[in-house]
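Shown next, in structure tokens, is the structure this report addresses.
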Amino acid sequence: MRRLRPVIGLLLIAAFVAMALLASVIAPYDPFKSSVEVIDPPSARHLLGTDELGRDILSRVIYGARTSLIIGLGAAICAMGIGVPVGLVAGYFGGRVDMLVVPLIDLFIALPGLVLALIITVMVGPNLLNLVLVLGFVMWPSVARLVRGQTLALRETLYIEAARAVGGGSAWIIRRHVWPNIMRVVAAQFAVSVSFAIFTSASLSFLGLGIPPPTPDWGGLVRAGFDFLSLNPLMSLAPGATVTATVMGFYLTGSSVR
Amino acid sequence: MLTMIVRRLLLAIPTIIAITALLFFSVTTILGSPAGMMLGQDASTDAIAALNARYGFDRPAIMQYGAWIAGAIQGDFGRSFTTQQSVARAIADCIPVTLEMTLWSILLATTAAVILNTIPVARRALAGATTAVNLIGITVPNFMLGISLIFLFSVWLGWLPSTGWAPWSDGVAEHLKRIIMPVLTLSAYYFGVFSIVYRAEYRDVAQRMFIQVARAKGLSEWMVAFKHALPNAILPVITFVGITIGQLTGGAVVTETVFSMPGTGRLFVSAIAGHDFPVMLAIGMLIVTGVILMNLLADIAYTIVNPQIRFD
């Protein structure tokens, strides 16, 4: 099981990325095109049925991967962009910077990410770019905390001391000796951040406060299908399953690095 | 001990004031304005001025906050923009629902996680199953879990009512029928997190000398597990619970929405969707205060159960 974890994780990620990139090839219909076949149950023509506007659900689920991919990657990159430098500086230099940064990180981590994202998103307006920025902003403290901890431990090692003894500058030591040693952990955290971003943005959309329609988005699709659960359960369970599989894929990959 | 608690409590007050101020200014000035949100971008300047004057948004932000926090301390959070009802009253009606669901969930998640990862037989026979459940708990979003349960138990099997709420006064059976699925949904994530942390700690503790001594004395595996390993393995988990407990509020918001429960989370969502600032701010403050107090409580609990720790 231990060894299978990253394999399963990477397979799920591969399937998800392929779905997002090849959406226009594999989707049987235009995800925005409505028809007169409203709320049709699954059939040979529409494998998952149609929604309340007669749009093909399978196609919308496939295109939904694109939205999730953009949000997941974008938000994780933003979180890294703030969290890694802050963590490196706080961990390596310590002192006053550290004393300022640590309580801030602790405070942010204690606050519920979803609630924070809810409030900020509604204020700045829900669109793709804003969601990416908001989720990145919500996630950076966990990245910073991890990087800080790793850097702090490295700072005390002999080879860093040796590098300092031969007259290496701080920037050079961080770049050549600290960064290569924490890259693995940062990469793992990146995968976990992607999974959290997709999880949270889907939850926001489910609450009706994320990506606005008609853009296909998994959380929104689950919400739309929820009203028709007894007529066509796949309408909300299928996009729900794809979110779950994607979140699981990134989580398995990220958590198997130790 | 007492000094520590008093000092931490005193420190919590400025923290709460600072965060609520940040929340207040974010919502009223930094990220946008209430008038802009409620009237839309095409609103005329006259309309905006009229709305600002009516709700007092034309005063300096610091004065608005002063008035708000002064009221909040006395339990007066103003009136809802949409229903014109007292915010404090509306929230007070919702709190019991959320509190009950959350408490049951924490209780269920922690007990199940401890039992599954402590009982010697379960540790051996169910290890794989527990790992799978941990993963499901952490990665399946609350809305997916909730809808799956509704599909299984309400639509398919027809055993439970799908959504809605029944207070205790409607009868115990009716109440439990409505609360069981929300509790299962909300506890899943927490079970996963708790179980992973506790399991790792337990493995660590199980290799220590005193466990071997306990075994050598001839104690049964159950005695070793529950009397010697459990109390030591659970210590670090308490701190962890304090830090992560705030995340439960996010889950509660989604879960209450899925099951249409008249709780604080759903009130919060509808306040956000309807740009109802007084309600948004009041619940935001409630969450922040709750999170900070929970952290404090976990720290205190940690000192009580672990005599090695002293704060002076």
Side-chain angles (χ1 to χ4, degrees), chain A residues 1-2 5 8 12 103 106-125 134 192 195-196 198-209 218-219 222-223 225-226 229-231 233-234 236-237 239-252 255, chain B residues 15 18-19 23 26-28 30-33 37 41 127-128 131-132 135-136 138-148 150-151 154-156 162 196 242-254 257-258 265-266 268-269 271-273 275 280-281 283-284 287-288 291-292 294-295:
Chain A
M1 185 61 207
R2 278 266 136 222
R5 278 174 86 102
I8 299 173
L12 286 170
D106 284 348
L107 189 68
F108 258 100
I109 287 177
L111 294 175
L114 180 69
V115 173
L116 212 58
L118 260 178
I119 297 177
I120 309 176
T121 311
V122 75
M123 292 310 301
V124 295
V134 168
V192 174
S195 99
F196 181 83
I198 293 175
F199 184 109
T200 309
S201 82
S203 301
L204 289 177
S205 308
F206 175 78
L207 295 172
L209 301 162
W218 288 339
V222 174
R223 172 60 168 245
F226 189 28
L229 196 63
S230 46
L231 286 171
L234 284 177
S236 88
L237 293 182
T242 51
V243 186
T244 306
T246 309
V247 170
M248 214 178 260
F250 282 102
Y251 177 79
L252 279 176
S255 65
Chain B
T15 317
I19 305 187
L23 180 72
S26 303
V27 171
T28 52
I30 303 171
L31 297 172
S33 72
M37 294 239 56
Q41 287 172 343
T131 309
L135 182 67
I136 290 173
I138 288 185
T139 55
V140 181
N142 286 74
F143 61 83
M144 179 58 183
L145 201 59
I147 292 177
S148 306
I150 291 178
F151 174 66
S154 307
V155 178
W156 204 18
S162 61
I196 287 175
I243 300 170
T244 49
I245 210 141
Q247 306 300 336
L248 264 183
T249 49
V253 167
V254 176
T257 308
V258 172
R266 203 164 66 118
F268 189 55
V269 173
I272 286 183
H275 305 314
M280 237 168 102
L281 280 170
I283 299 182
I287 292 174
V288 169
V291 166
I292 291 173
M294 278 300 190
N295 276 305

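Chain letters run A, B, ... following the sequence lines, proteins first and then strands; every chain starts at 1.
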- prompt: Given side chains that start at C-beta, do those of A/Val247 and B/Met144 come closer than 4.5 Å, heavy atoms only?
  reply: no
task: Please examine the side chains of A/Pro233 and B/Val155, heavy atoms only from C-beta on, and report whether any two atoms are closer than 4.5 Å.
output: no
query: Heavy-atom distance under 4.5 Å to chain A: side chain of B/Val253, backbone, both or neither?
result: both
- prompt: What part of A/Leu111 lies closer than 4.5 angstrom to a heavy atom of chain B: side chain, backbone, both or neither?
  reply: both
- prompt: Is it the backbone or the side chain of B/Ile19 that comes under 4.5 Å from a heavy atom of chain A, or both, or neither?
  reply: side chain
message: Do B/Ile147 and A/Phe206 have side chains that approach each other closer than 4.5 Å (heavy atoms only, starting at C-beta)?
response: yes
For the student: nearest non-hydrogen atoms of B/Pro141 and A/Thr244, plus distance: CD-OG1, 3.6 Å
- prompt: With only heavy atoms counted, which part of B/Ser162 is less than 4.5 Å from chain A, the side chain, the backbone, both or neither?
  reply: neither
task: Would you name the heavy atoms of B/Gly250 and A/Pro112 that are closest together and state the gap between them?
output: N-CB, 4.3 Å
task: Tell me, for B/Ile272 versus chain A, whether the close heavy atoms (under 4.5 Å) come from the side chain, the backbone, both or neither.
output: both
message: Is B/Leu23 close to chain A through its backbone or its side chain, or both, or neither, when contacts mean heavy atoms under 4.5 Å?
response: side chain
field: Which portion of A/Ser203 sits near chain B, non-hydrogen atoms under 4.5 angstrom
entry: both
field: Atom of A/Val115, atom of B/Thr249 and distance for their closest heavy-atom approach
entry: CG2-OG1, 4.1 Å
- line: In short, A/Phe199 meets B/Ile138 closest at the heavy-atom pair CE1-O, 3.9 Å
task: Side chain from CB out, backbone as N, CA, C, O: work out which of these in B/Ile196 comes under 4.5 Å of a heavy atom of chain A, or both, or neither.
output: side chain
